[in-house]
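Bear in mind the structure is a predicted one, so any value in this text is a computation, not a measurement. Side-chain atoms are counted along with the backbone in the values below, which use heavy atoms only and exclude waters and symmetry mates.
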Amino acid sequence: MADLPKNAKVVVIGGGVVGCSVLYHLAKKGWSDCVLLEKNELTAGSTWHAAGNVPTFSTSWGIMNMQRYSTELYARLGDEVDYPMNYHQTGSIRLAHSKERMQEFERAKGMGKHQGMDLEILSPDEIKERYPFIETHDIVGALYDPNDGDIDPAQVTQALAKGARDMGATIVRFCPATGVTQDGDGWIVHTEKGDIACDFVVNAAGYYAQTVGEWFKPYGGRTVPMMVMSHQYVLTDEIPEIEAYSKETGRKLPLLRDVDVSYYFRQEKHGFNIGPYEPNCRAHWVEPSDPMPEDFSFQLWSDDLARIEDIVADSMERVPVAATAGISRIINGPIPYAPDGLPLLGPMPGVKNAFEACVFTFGIAQGGGAGKVLAEWIVDGAPEWDMWAVDPRRYTDYTDHDYCVAKGMEVYGNEYAMHFPWHEWPAGRDKKLSPNHGKVLELGGVMGAYNGWERANWFAQPGDDASEESTHTWNRKGPWEQRIREECEAVRDACGLLDLPGFSRFRVEGTGADDWLRGFVTGGLPKVGRMNLVYVTNAKGRIVTEFSCIRLAENDFVLITAATAQWHDGELIRNSVPEGVSVTETTTERSALLVAGPKSREVLAGISDADLEAGWLSHQHCMVAGRPAFLIRVSFTGELGWEVHADNAEMPAIYGAILDAGAKPFGMYALNSLRIEKGYRAWKGDLSTDYSMLEAGLERFVKFDKDQDFTGKAALLAEKQQGRKKAFAPLIIDAGEADAPYMSTIWNGDEIVGETTSGAWGYRVNASVALAMLRTDVAAAGTELEVEIYGERRKAVVQPDQPLWDPENARLTA
């Protein structure tokens, strides 16, 4: 057993597959002076009882990248570290019972092809050829992934541990961490065997991550948003027919998933492993009567077959030979869940030099990639891929205990559910409400959650079907379509009003604020009384975030950003400002309205004393409906318009007065359509660290000749000299029934030449529009390409990099 070092570059708390992968990848990057602490033996938590499935499937670009990397790593790891491993890349078959499921599979296939994976769509006959024991009478088709399979969780963990040790890293087992103390910018990690001083600390404590997270709360941390689910899988006795099949073919059967029934079905030796995700699921350790034990290492709960017997019975009808075997064992163990079922991987919110690599529901499949991502985050300051999907800062202060339990159970019970573009999950709602929430509901608002804030997606009229069931489609058509059209037309022809709570607002003021901000962002700053857009990039010149920058005085600014960016961007600002510059956040104290359309000046004129002739990108304090407000002459809709900001208490009167003056309420779906027609980029879709400022067509927001250096300047100068590899362009698509979702693959003949970053029907231009990143040689206006939308290749024509609607901005600046 290793002795406890006194100092380390990084201390990783937790010895499951993820913790060991982080240690291994840190060592691979040359940081061998790192220590992993495990309270028991390696794999003692969720890792030891994991089923060990290793899929690549995801409809999240970042998650697919991470899981794909895991399969590539595991295929070479045994030889690389000289450790024997049982890794069976059997391939997998995901069954579809419906057209909608096949559309989801086609989408994943297109994304997989873009990442270099050879995913296939199978017909029922082709399924039978690859899986002779299956019944396919009610199956429409399947997705086949040749890289899928299973691995021994203990072996892969030990292999990563051996690789890390061989490169000089230290693993100390049977050494529980007991707390942390911040020491300047570094940390002292306390253990029963002494203290370790380190520069960085990683919470990789699995289902104990929330306990470990509490240690960081005195230093700015928060309660880790998670809960623990009971997951069972069934092992059958061995079956002679399966043994004969494996001897004859020399291989195992492909891993089978019936996602519409909700289970996986895997050959285990010569029997089967059946793993259901049942709707009548059970959470553990969420009530005072069921406290989390001090140590649950290598332990299980007693089985509860009644919860899963219907799904197990269904699986045996799907593969009848399984019904000939008895059940040899039922595994029932804890699996941690974040509210969206994705892990927490990245900087710990509010805490310097602390990171999270925890709450992995699919830790074996994601562990290899997670180690790579976090090692890059710690050593390089940013990962290769944009990983907002798993960034812990995606959650803010609304994730209380009840929310985490409700969402965890919802995700588990819908583990394989399709995530339709118009669907909103019902659990854990109404966490943050606009001061106008009641009125919005009264007007027919069909709500969505945005960083916990309830906003209307569209407004239903009497008789509209606003049920959850109506949203189970990938297609544009639905009860919302006509309403979105009407809302967009109101903004185009008259005046629309959008209630928009949750804007993240940061007031930055004090001597030196001007100079600091010039070095913080890539471009220039507005004059006093004006606003503009500013961008922050990382060392590679890739887009970290976008702010609306409002200048109140020489050293007094307000930076406004997306609701979802609240903790991400707040941390970015607070960690960067120098002494003497203060940061005050008013995200929750104030709210905003968008008033937009050619009659918006007329609507506001009757209820406000504002100077409504003040030019585009100006701002002013004024009265609206007799209440103090702050008007910004800007419009994300591309029409004449204003943002109206005011304290929460003033908002109901202002909202009501604008409605009474003739404005029509519109929702987020209409706003998305309107902004895409204008080519306006959205954060973490069109604007992400996957793209540089030059690739995104935003060079006009880069000021290379200013006195202040900014992060990413050298990389952008080099890129400018060498030429960008991608180029932003709008596309008009002959789209059929569905518009292009995020990360739809773009083809030029048989070559993949790019991806969409967002898409929607444009009701003003009467066409399906997508914003895209293209290989530069196909980015010229007029080039004909194809966009793959749920498996259908649809003709697309590249447009000039300018707004499709009102390219001269005459309406916007009227």
Side-chain angles (χ1 to χ4, degrees), residues 419-426 429-430 432-434 436-502 562-564 591-597 600 635-639 641 655 658-659 662-678 680 682 685 735 737-742 758-769 805:
H419 294 270
F420 295 111
W422 313 102
H423 179 248
E424 291 283 338
W425 293 99
R429 298 299 295 273
D430 292 350
K432 295 183 178 181
L433 303 181
S434 157
N436 300 316
H437 183 71
K439 183 65 175 177
V440 170
L441 291 180
E442 184 186 312
L443 293 166
V446 181
M447 310 304 286
Y450 298 81
N451 189 31
W453 290 98
E454 294 289 327
R455 294 175 177 172
N457 283 328
W458 61 286
F459 284 85
Q461 300 301 312
D464 288 347
D465 180 6
S467 68
E468 193 178 346
E469 290 72 27
S470 72
T471 66
H472 291 178
T473 177
W474 305 107
N475 295 345
R476 186 184 317 110
K477 189 172 177 59
W480 51 83
E481 185 188 20
Q482 178 61 23
R483 303 304 169 219
I484 297 170
R485 178 186 298 276
E486 291 165 358
E487 292 168 23
C488 289
E489 288 171 349
V491 174
R492 181 193 68 191
D493 299 335
C495 179
L497 175 62
L498 176 64
D499 185 51
L500 200 63
T564 50
S591 195
L593 307 172
L594 302 192
V595 184
S600 57
S635 178
F636 205 46
T637 66
E639 301 288 349
Y655 186 64
I658 296 172
L659 287 171
K664 176 183 175 69
F666 70 101
M668 297 299 291
Y669 292 161
L671 181 65
N672 189 52
S673 167
L674 296 163
R675 68 96 186 165
I676 285 176
E677 289 176 305
K678 289 294 290 183
Y680 294 161
E737 294 184 328
D739 301 306
Y742 171 67
S758 54
W761 187 267
Y763 292 95
R764 292 176 297 192
V765 300
N766 197 34
S768 185
V769 181
W805 175 252

May I have the step-by-step check of side-chain contact (heavy atoms from CB on, under 4.5 Å) for E639 and W805, ending in yes or no?
CA-CA 10 Å; E639 301 288 349; W805 175 252; 2.9 Å; yes

Step-by-step side-chain contact (heavy atoms from CB on, under 4.5 Å) determination, Q461 to Q482:
CA-CA 10 Å; Q461 300 301 312; Q482 178 61 23; over 6 Å; no

For K678 and F636, run side-chain contact (heavy atoms from CB on, under 4.5 Å): C-alpha distance rounded to whole Å, both residues' side-chain angles, the deciding distance at 0.1 Å, then the answer.
CA-CA 8 Å; K678 289 294 290 183; F636 205 46; over 6 Å; no

Pairwise distance OH(Y655) to OG(S591) - rounded to 0.5 angstrom
10.5 Å

From D499 atom CG to K439 atom NZ, the distance as rounded to the nearest 0.5 Å
12.0 Å

Would you say that L593 contacts L500 through its side chain, given a criterion of any heavy-atom pair below 4.5 Å between the two side chains?
no

Is the shortest heavy-atom distance from the side chain of L659 to the side chain of L443 under 4.5 Å?
yes

Quick one: CD on E486 to CD on E481, what's the gap to the nearest 0.5 Å?
11.0 Å

Closest non-hydrogen atoms of D430 and E454, given as atom of the first, atom of the second and distance, are N-OE2, 3.0 Å

Starting at SG of C488, measure out to CZ of R483 and round the result to the nearest 0.5 Å.
13.5 Å

Tell me if a side-chain donor or acceptor on R476 pairs with a main-chain N or O of S768 at a distance below 3.5 Å.
no

Is L441 close to M447 at the side-chain level, that is, under 4.5 Å between some pair of heavy atoms?
yes

Backbone of G667 reached by a side-chain donor or acceptor of E487 within 3.5 Å
yes

Closest non-hydrogen atom pair between L674 and R764, with its separation
O-NH2, 2.9 Å

Write down the atom of F420, the atom of T471, and the distance for their closest heavy-atom approach.
CB-O, 3.4 Å

Would you find a donor on one side and an acceptor on the other, under 3.5 Å apart, between the side chain of R675 and the backbone of Y680?
yes

Minimum heavy-atom separation for N475 to W480, with atom names?
O-CZ2, 4.1 Å

With distance as the sole test, does N457 use its side chain to make a donor-acceptor pair with the main-chain N or O of Y669 at under 3.5 Å?
no

Run the side-chain contact (heavy atoms from CB on, under 4.5 Å) test on R485 and Y763 for me, step by step, so that the C-alpha distance in whole Å, both residues' side-chain angles and the decisive distance to 0.1 Å come before the verdict.
CA-CA 6 Å; R485 178 186 298 276; Y763 292 95; 3.6 Å; yes

Contact check, side chains of L594 and S635, non-hydrogen atoms, under 4.5 Å:
no

When rounded to the nearest 0.5 Å, the distance separating OG of S758 from CG of N672 is 6.5 Å

Minimal non-hydrogen separation, W453 against A563, with atom names
CD1-CB, 4.4 Å

Identify the two heavy atoms, one from A596 and one from T637, that lie closest to each other, and give their separation to 0.1 Å.
CB-OG1, 3.4 Å

Applying side chain to side chain donor-acceptor pair (under 3.5 Å) to E737 and W474, what does each step give before you reach the verdict?
CA-CA 9 Å; E737 294 184 328; W474 305 107; over 6 Å; no

Main-chain N/O of V765 paired with E677 side-chain donor or acceptor, under 3.5 Å
yes

